[in-house]
Number of protein chains: 2
Amino acid sequence: MKISSQEEYGLRCLVQLANLRDGESLTLPQIAEREGISAANAGKLMWLLNKAGFVHSTRGTKGGYFLSRPAEDIRLSEIIKVLDEDVMNKHCDSYTGVLDSCVHNGDCGIRPVIVGLHEIVENALSRITLAQLVGTESSVDTMFHKIQGIHRIIEPQRV
Amino acid sequence: MKISSQEEYGLRCLVQLANLRDGESLTLPQIAEREGISAANAGKLMWLLNKAGFVHSTRGTKGGYFLSRPAEDIRLSEIIKVLDEDVMNKHCDSYTGVLDSCVHNGDCGIRPVIVGLHEIVENALSRITLAQLVGTESSVDTMFHKIQGIHRIIEPQRV
DNA sequence: TTCAATCTTGACTAAAAAGTAATGATTTGT
DNA sequence: ACAAATCATTACTTTTTAGTCAAGATTGAA
């Protein structure tokens, strides 16, 4: 269970945009350089994010990308859903209740695990907004503090 | 964020073995047929699981695979760790505290998310044992009930 | 002892994901 | 109008993951 490259870098790019001030924007080469990827690669990611409505872009000189809505309103769960469309599709459609479409009908001990995992991850990511990821402190201390913070946000209440 | 094929089918194979009675075992063709994969593929998975100590095998006629310890003692977190070694390695070693080895030093807003996700998944999987996945009910009702059960197990307490 | 069933292992092939390149379209400034 | 900067889109290449195959080793039974 891991985060795909597309998920990771798509998210990173959005964080870059979330760090901008009002009216500012970033070009593909700028985004690419800040994240250590090629401009072509960044272009592909931004294309996806644009299609999905997270960012707007303007072409020509002085063009670039910027968030299309406030970072406070963008939840990580939405982003991930776009960057990795088939999170769940792949593992039996029974997630949606349609048991017949899964090869493992009648003999699938692990379906509850897959569904359960999907749900806790989705739940955790829905509690974090882009705005909560701004800032670029790098010391072990601040990073540790931040991890604790996210962790507090992430942990769901017991039912 | 998704479960890899290796994780999924490795786990499925172990569930098959967990369903056996004492003294029984399953051959590769048997495992393969039950999971809808090829015997060769099953062989590779079982090889990994054997190396990692989850199963024992006997060769020759009447040979096969069986769990090397009680299903109650095998936590899903251990299994997944073996089936997908580089769960976290990939995303910056800073997870281990060594910040210098990550390309994104000083500009990594998402590290807390990656670490946080890893932790809640690990935590969830460590609460489920193979024994809890035996049985093969397939009706929507029983499956739904099981999902709820796993969900209750999975959700961590609030800190 | 010999044969058939079975696991073991490494090399090979196929499919999927990631990343690159190239061409075209739009905008701004002169 | 023109040139430069920039995004948009599709096709292509590389890398990684998944899956197959075949030759070898071990065991049990006749």
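First the proteins, then the strands, lettered A, B, ... as listed; each starts at 1. Values below: all heavy atoms of this structure, side chains included; hydrogens, waters and symmetry mates excluded. Here the structure is a predicted model, which means the values were calculated and not measured.
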Side-chain (B:S68) to main-chain (B:G53) donor-acceptor, under 3.5 angstrom | yes
Starting at CD of B:E7 and ending at C1' of D:dA18, how long is that distance when rounded to a whole Å?
-> 13 Å
Could you pull out the protein-nucleic contacts involving nucleotides 24-27 of chain C (nitrogen or oxygen on both sides, under 3.5 Å)?
| residue | atom | partner | partner atom | Å |
| --- | --- | --- | --- | --- |
| C:dT26 | O4' | A:R59 | NE | 3.4 |

B:L28 CG - D:dT26 P separation (whole Å) | 17 Å
About how many Å separate OG of B:S25 and NE2 of B:H56, when rounded to the nearest 0.5 Å?
-> 13.0 Å
Give a yes or no on whether the backbone of B:L83 and the side-chain of B:Q6 come within a donor-acceptor separation of less than 3.5 Å.
-> yes
Expected rows: protein N/O vs nucleotides 21-23 of chain C N/O, under 3.5 Å:
none

Measure the distance from CE on A:M1 to C1' on D:dT17 and round it to the nearest whole Å.
-> 17 Å
Would you say a side-chain N or O of A:Y9 is under 4.0 Å from OP1 or OP2 of C:dA17?
-> no
Any sub-3.5 Å donor-acceptor pair from A:E35's side-chain atoms to A:C13's backbone N or O?
-> no
5′-ward residue of the pair A:K62/A:S38 relative to DNA chain C | A:S38
A:N50 meets the side chain to side chain donor-acceptor pair (under 3.5 Å) criterion, sequence neighbours left out, with A:S57
Tell me: CG of B:L26 to P of C:dT6, nearest whole Å?
-> 12 Å
Is there side-chain contact between A:Q30 and A:L26, with at least one heavy-atom pair below 4.5 Å?
-> yes
Is the closest side-chain heavy-atom distance between B:R75 and B:I79 below 4.5 Å?
-> no
Numerically ordered, the residues 42-57 of chain B set in heavy-atom contact under 4.0 Å with DNA chain D is B:K44
Rounded to whole Å, the CG-C1' distance (B:N41 to C:dC12) equals 15 Å
Salt bridge (Lys or Arg N to Asp or Glu O under 4.0 Å): pairs with one or both residues in residues 45-66 of chain A, sequence neighbours excluded = none
Are side-chain N/O atoms of B:E8 and B:S5 paired as donor and acceptor at under 3.5 Å?
-> no
Mind calculating the distance between CD1 (B:I31) and P (D:dG19) to the nearest angstrom?
-> 16 Å
When rounded to whole Å, the OH to C1' distance for the pair B:Y65 and D:dT26 reads 13 Å
Side-chain N or O of B:K2 closer than 4.0 Å to phosphate OP1/OP2 of C:dA17 | yes
Any sub-3.5 Å donor-acceptor pair from A:T129's side-chain atoms to A:D73's backbone N or O?
-> no
Length of the CD-P vector between B:Q6 and D:dT16, whole Å = 16 Å
Output all residues satisfying side chain to side chain contact (heavy atoms under 4.5 Å, CB included) with A:E72, sequence neighbours left out; order by chain, then residue number.
-> A:P70, A:A131
